[in-house]
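Source: prediction; values computed, not measured.
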Amino acid sequence: MFAGKNNLQNDLLTLKIAFKSDIWFHTQKIHGSHVILVTDGREPTEQAMTEAAMIAAYHSKARLSSMVPVDYTQVRQVKKPAGAKPGMVIYHVYQTAYVTPDETVIEKLRIE
């Protein structure tokens, strides 16, 4: 999994680095990081999906909230409108997960 730390990294990660079959995560209507779950063309596990959603929730303005809505979709469904600011994307085909960020889980997943 990868997470952008700012708007420029979000753009680079989502639009240039991620494969179209990877899964993109972002908190619903809340500023935060784009998170990419690398799938290598395989179906991700439920645990991996939950962990990616938790990372997106944790790296957002909803970090201290519970039951944070996190949208997810394949990267191929994420588009950047012409002239949009860095980090701004649109998507129409998606699902929403509700997760509570857990700092201890996030720290265990962190690879530096």
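Side chain of S60 to main chain of I30: no donor-acceptor pair is present (N/O by atom type, distance under 3.5 Å, no hydrogens or angles). Of the possible polar contacts, one joining the N6 side chain to the L8 backbone as a donor-acceptor pair under 3.5 Å is found. The closest donor-acceptor contact from the side chain of S33 to the backbone of G4 lies under 3.5 Å. E107 places no side-chain N or O within donor-acceptor distance of the main-chain N or O of E103, the cut-off being under 3.5 Å.
A 6.0 Å sphere centred on NZ of K79 holds more than 12 heavy atoms belonging to other residues, nucleotides or ligands.
E51 meets the side chain to side chain donor-acceptor pair (under 3.5 Å) test with Q47; sequence neighbours excluded. Listed by chain and number, the residues in a side chain to side chain donor-acceptor pair (under 3.5 Å) with S66 amount to none (sequence neighbours excluded). Applying the side chain to side chain donor-acceptor pair (under 3.5 Å) criterion to Y91, with sequence neighbours excluded, gives D71. Evaluation of the side chain to side chain contact (heavy atoms under 4.5 Å, CB included) rule for S65 yields A62, V68 as partners, not counting sequence neighbours. Take H34 and apply the side chain to side chain donor-acceptor pair (under 3.5 Å) test, not counting sequence neighbours, and it matches T14, W24.
Note on residues 38-76: pairs passing ring-ring contact (aromatic ring centres under 6.0 Å, His included), not counting sequence neighbours, are F25-Y72. Sequence neighbours left out, the pairs with a member in residues 11-24 that pass salt bridge (charged side-chain N to carboxylate O under 4.0 Å, His left out) are D11-K80.
When all heavy atoms are compared, the tightest approach of S21 to T39 is O-OG1, 3.2 Å. Here the closest non-hydrogen pair linking T100 and M67 is OG1-N, 3.1 Å. Across all non-hydrogen atoms, the minimal contact from A48 to T45 is N-OG1, 3.0 Å. Closest approach of G32 and N10 over heavy atoms only: O-ND2, 3.5 Å. Pairing each heavy atom of T96 with each of P69, the nearest pair is CG2-CB, 3.9 Å.
When hydrophobic side chains of Ile, Leu, Val, Met, Phe, Trp and Tyr are connected at separations under 4.5 Å, I90 ends up clustered with M88. Grouped by direct or indirect side-chain proximity (heavy atoms under 4.5 Å, Ile/Leu/Val/Met/Phe/Trp/Tyr only), F19 sits alone.
Under the 4.5 Å side-chain heavy-atom criterion for grouping Ile, Leu, Val, Met, Phe, Trp and Tyr, V89 is connected to Y94 within one hydrophobic cluster. Following chains of ILVMFWY side-chain contacts shorter than 4.5 Å, one cannot reach I55 starting from I36, and the two form parts of different hydrophobic clusters.
A heavy-atom distance below 4.5 Å is not found between the side chains of K85 and N7. With a 4.5 Å cut-off on side-chain heavy atoms, Q28 and V70 do not count as touching. Using a 4.5 Å heavy-atom threshold, the side chains of M49 and P44 count as touching. In this structure the side chain of M1 never reaches within 4.5 angstrom of the side chain of V38, judged on heavy atoms.
Here the straight-line distance linking atom CG of L12 with atom CD1 of I17 works out to 4.0 Å at 0.5 Å rounding. Rounding to the nearest 0.5 Å gives a distance of 9.0 Å between CD1 of I106 and CZ of R63. Taken to the nearest 0.5 Å, the CG atom of L37 stands 11.0 Å off from the CD atom of Q74.
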